[in-house]
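Numbering starts at 1 and runs along the sequence shown.
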Amino acid sequence: MPFSHLPPLLSEALAVKGYAALTPVQAQVTEPAAHGRDLLVSARTGSGKTVAFGLAMAGELLDDGRSRPAGAPLALVIAPTRELALQVAKELSWLYAKAGARIATCVGGMDASRERRSLSHGAHIVVGTPGRLRDHSERGALDLSTLKVAVLDEADEMLDMGFREDLETLLDATPRERRTLLFSATMPRQIVALARKYQNDALRISTIGEDRGHGDIAYQAIAVSPSDIEHAVINLLRFHEAETALLFCATRDNVRHLHASLVERGFAAVALSGEHSQQERNHALQAMRDRRARVCVATDVAARGIDLPTLSLVVHVELPRDAETLQHRSGRTGRAGKKGTAVLIVPFPRRRRVEMMLKGARIDFAWMPVPTPEDIRAKDRERMLAAMLAEIEFDDDDRALAAELMAKKSAEDIAAALVHAHRASMPQPEELLASAPGLAPDKQHHRPGFDDTVWFVMNVGRRQNADPRWLLPLICRRGGITRNEVGAIRIQANETGFQIPRAIANRFAAAVIKSATQDGEDDSGIRIQPVDGPAAPQRPKLHRAAPAGNDQRPPAPRRDGPPPIRHKGKPFRKGNAGKGAPRRPS
């Protein structure tokens with residue numbers, strides 16, 4: 001027997017389920033040192049913690065390897081969401097099926113009267129959400145007087161969701177001599193305080209860094225213009241073509257907007273947020289499991305407890321508030337030994353903050369370029385060749401239709417028609433603005449007409465909040481050109497370089513001079529001039545000539561548009577008089 005230290009019936013259940021060995025958290029909670037003790041466990045989502053606390057409480061549930069007659073519950077498992085509670089009940093059901101344990105669920109959104117009838121028939125384990133469990137307890141339907149073990153699953157999530165009062169009410173209604181098993185991915189001060197109040201000499205167990213940790217999740221970050229975030233989502237979905245993808249937004253309004261946009265583009269997508277009923281949530285998740293939908297757009301709270309075995313891509317469309325939220329979101333993928341990818345879409349101005357958050361959490365990540373239409377078409381080609389060259393079984397009807405087609409058209413025409421039909425069924429990728437400085441791929445991408453270019457420089461950069469969102473319209477307006485005639489844009493600390501095709505460079509330079517004042521700047525203090533010498537390399541070292549008689553730092557442009565008008569070298573800021581900003585002259 002591979003698990004000789006476990007009760008025989010539980011060992012058999014693990015073997016039938018295909019377990020060859022216990023995960024790190026499962027192994028540590030079943031060691032002799034953990035028997036009968038309170039446990040404070042740090043374990044990430046997907047580390048096998050449900051089975052872990054199922055094994056840990058076996059001593060309180062089984063008598064001579066089997067369950068006693070069902071009565072008042074012996075074990076209580078509290079989870080933050082109905083989805084997670086139902087998932088926990090499902091896992092414990094197969095684990096304790098041979099032992100004859102009866103499991104009851106009490107979750108919001110379900111028929112409360114049916115739950116009360118189930119409790120009245122007796123149960124060994126009750127699994128539920130804090131609010132519904134408290135309601136049953138206060139109504140007398142849930143008797144906690146004989147409870148032997150209480151489990152708080154994802155305790156940090158429950159505290160974040162405001163369930164502290166419900167948790168304390170439930171724990172206060174249980175016997176003081178019960179065991180308390182507290183499982184949490186993170187250990188903030190609130191969790192430590194809760195453990196100190198309700199646990200007695202708890203054994204501290206941490207498998208973070210010992211188990212898979214981040215090992216099965218590849219973290220990537222892409223920097224984009226804020227106006228290109230939705231386009232970046234589309235290109236990421238098309239580039240990865242994940243079997244199942246989960247997109248995180250911050251609000252239900254953003255979930256609704258992004259979901260509608262993806263459906264309009266041709267993606268099979270569903271949405272999950274606080275505005276959806278339990279029935280709508282169930283239908284959405286079932287569509288994901290049935291492969292009728294491949295993309296789920298959700299808020300943080302709505303996605304808690306989701307278990308999608310085929311999930312391989314998580315996209316943080318809106319950045320998480322901290323590293324803990326990032327890990328909870330990303331933990332939906334890379335589970336049970338499978339590989340997953342988590343991508344953060346980072347607006348240019350926030351990339352430093354994201355770098356600090358990821359490095360502070362010791363998460364290895366890589367800055368990646370946004371997939372281009374050319375990258376996506378290359379991936380499509382690889383995927384289609386692999387699909388067409390794979391071994392497929394054909395029936396007689398398939399072969400008869402193939403013979404009929406071959407009689408009317410050549411094999412090459414039939415294959416071309418198949419490729420055309422495949423491409424026509426896929427959503428089209430998007431063109432995005434230039435990548436963030438320093439994050440472009442090593443190879444140079446040339447659009448037609450940009451093999452021979454002239455570099456120009458502007459006297460604003462990152463420190464002045466330079467952003468292609470307003471730089472590109474300004475360049476086009478000053479030079480009398482279209483956005484398609486602007487090449488790469490490289491934003492440095494105090495200056496920005498951009499490419500103009502040599503064929504129109506003289507016309508562009510003349511238009512810039514014509515639109516400038518005598519000192520070479522426009523009304524907002526922006527100076528544009530060609531870079532001296534031959535054409536610059538991909539990341540040129542740009543030199544800015546300071547305006548004559550003025551050594552002031554270039555003005556800081558507004559984030560939502562072009563720079564403000566200057567007065568004596570300083571920008572105006574409306575409504576900030578008396579706060580250090582210069583006043584507009586009367």
Side-chain angles (χ1 to χ4, degrees), residues 1-15 17 19-68 73-79 88 91-92 95-96 98-99 101 124-125 127 146-156 167 171 174-213 215 336-337:
M1 189 68 67
F3 311 110
S4 56
H5 63 297
L6 300 177
L9 293 179
L10 300 190
S11 181
E12 290 179 21
L14 291 173
K17 201 68 175 177
Y19 274 72
L22 298 179
T23 66
V25 65
Q26 293 164 1
Q28 292 198 40
V29 300
T30 55
E31 290 179 353
H35 289 174
R37 293 187 60 180
D38 289 352
L39 303 178
L40 181 59
V41 184
S42 298
R44 300 193 190 281
T45 301
S47 60
K49 57 185 175 59
T50 302
V51 173
F53 59 69
L55 297 174
M57 60 189 183
E60 285 72 32
L61 296 176
L62 304 181
D63 188 5
D64 292 331
R66 299 194 64 87
S67 300
R68 306 156 192 166
L74 300 176
L76 177 69
V77 181
I78 312 174
V88 167
E91 289 285 293
L92 295 179
L95 182 62
Y96 279 92
K98 292 180 179 294
H124 298 93
I125 306 172
V127 184
T146 62
L147 199 75
K148 292 185 176 296
V149 57
V151 180
L152 276 63
D153 190 15
E154 296 198 5
D156 51 350
L167 293 176
L171 292 175
T174 62
R176 293 183 60 86
E177 61 272 13
R178 66 162 196 290
R179 290 180 68 197
T180 304
L181 313 182
L182 195 154
F183 284 71
S184 179
T186 59
M187 288 292 165
R189 282 191 296 243
Q190 285 182 304
I191 295 294
V192 175
L194 191 69
R196 187 179 299 114
K197 181 176 181 180
Y198 289 102
Q199 290 188 311
N200 180 31
D201 188 28
L203 176 64
R204 182 74 169 89
I205 295 174
S206 177
T207 60
I208 295 178
E210 181 178 338
D211 59 12
R212 65 169 187 87

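The shortest side-chain heavy-atom distance between L10 and L95 falls under the 4.5 Å cut-off. Residues T146 and P175 form no side-chain contact, since every pair of their non-hydrogen atoms from C-beta on lies 4.5 Å or further apart. Using a 4.5 Å heavy-atom cutoff, the side chains of L74 and R68 are in contact. Between I125 and M57, some side-chain heavy-atom pair lies under the 4.5 Å cut-off. Two residues are said to be in side-chain contact when any heavy atoms from C-beta on lie closer than 4.5 Å; L152 and L194 meet this criterion. Residues V151 and V88 form no side-chain contact, since every pair of their non-hydrogen atoms from C-beta on lies 4.5 Å or further apart. Inter-residue side-chain proximity for T50 and V77 is flagged as unmet; no heavy-atom pair is nearer than 4.5 Å. At least one side-chain heavy atom of R204 sits less than 4.5 Å from a side-chain heavy atom of S42.
The nearest pair of heavy atoms linking F183 to A52 is CE2-CB, 4.4 Å. Contact between A56 and L39 at its shortest, heavy atoms only, is CB-CD1, 4.3 Å. Across all their heavy atoms, S67 and L62 have their closest contact at OG-CD2, 3.7 Å.
Atoms CZ and CD, on F53 and Q26 in that order, are 11.0 Å from each other to the nearest 0.5 Å. Atom CG of L9 and atom CG of D64 lie 11.0 Å apart (nearest 0.5 Å). In this structure, L61 CG and L55 CG are separated by 11.0 Å, a value rounded to the nearest 0.5 Å. The OH atom of Y198 lies 8.5 Å from the CG atom of L167; values are rounded to the nearest 0.5 Å. If you take CZ on R37 and CG on L203, they are separated by 4.5 Å, rounding to the nearest 0.5 Å. To the nearest 0.5 angstrom, Q190 atom CD is 9.5 Å from D156 atom CG.
Around CG of N200, the count of heavy atoms belonging to other residues, nucleotides or ligands within 6.0 Å does not exceed 12. Enclosure of atom CZ in R189 is not indicated, since only 12 or fewer non-hydrogen atoms of other residues, nucleotides or ligands lie within 6.0 angstrom.
Each of R179, K148, H124 was scored for a side chain to side chain donor-acceptor pair (under 3.5 Å) with E60, with one residue passing: R179.
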Task: Check against side chain to side chain contact (heavy atoms under 4.5 Å, CB included), L14 and V51 - done: CA-CA 9 Å; L14 291 173; V51 173; 4.0 Å; yes

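No donor-acceptor pair under 3.5 Å is formed between the side chain of S11 and the backbone N or O of L6.
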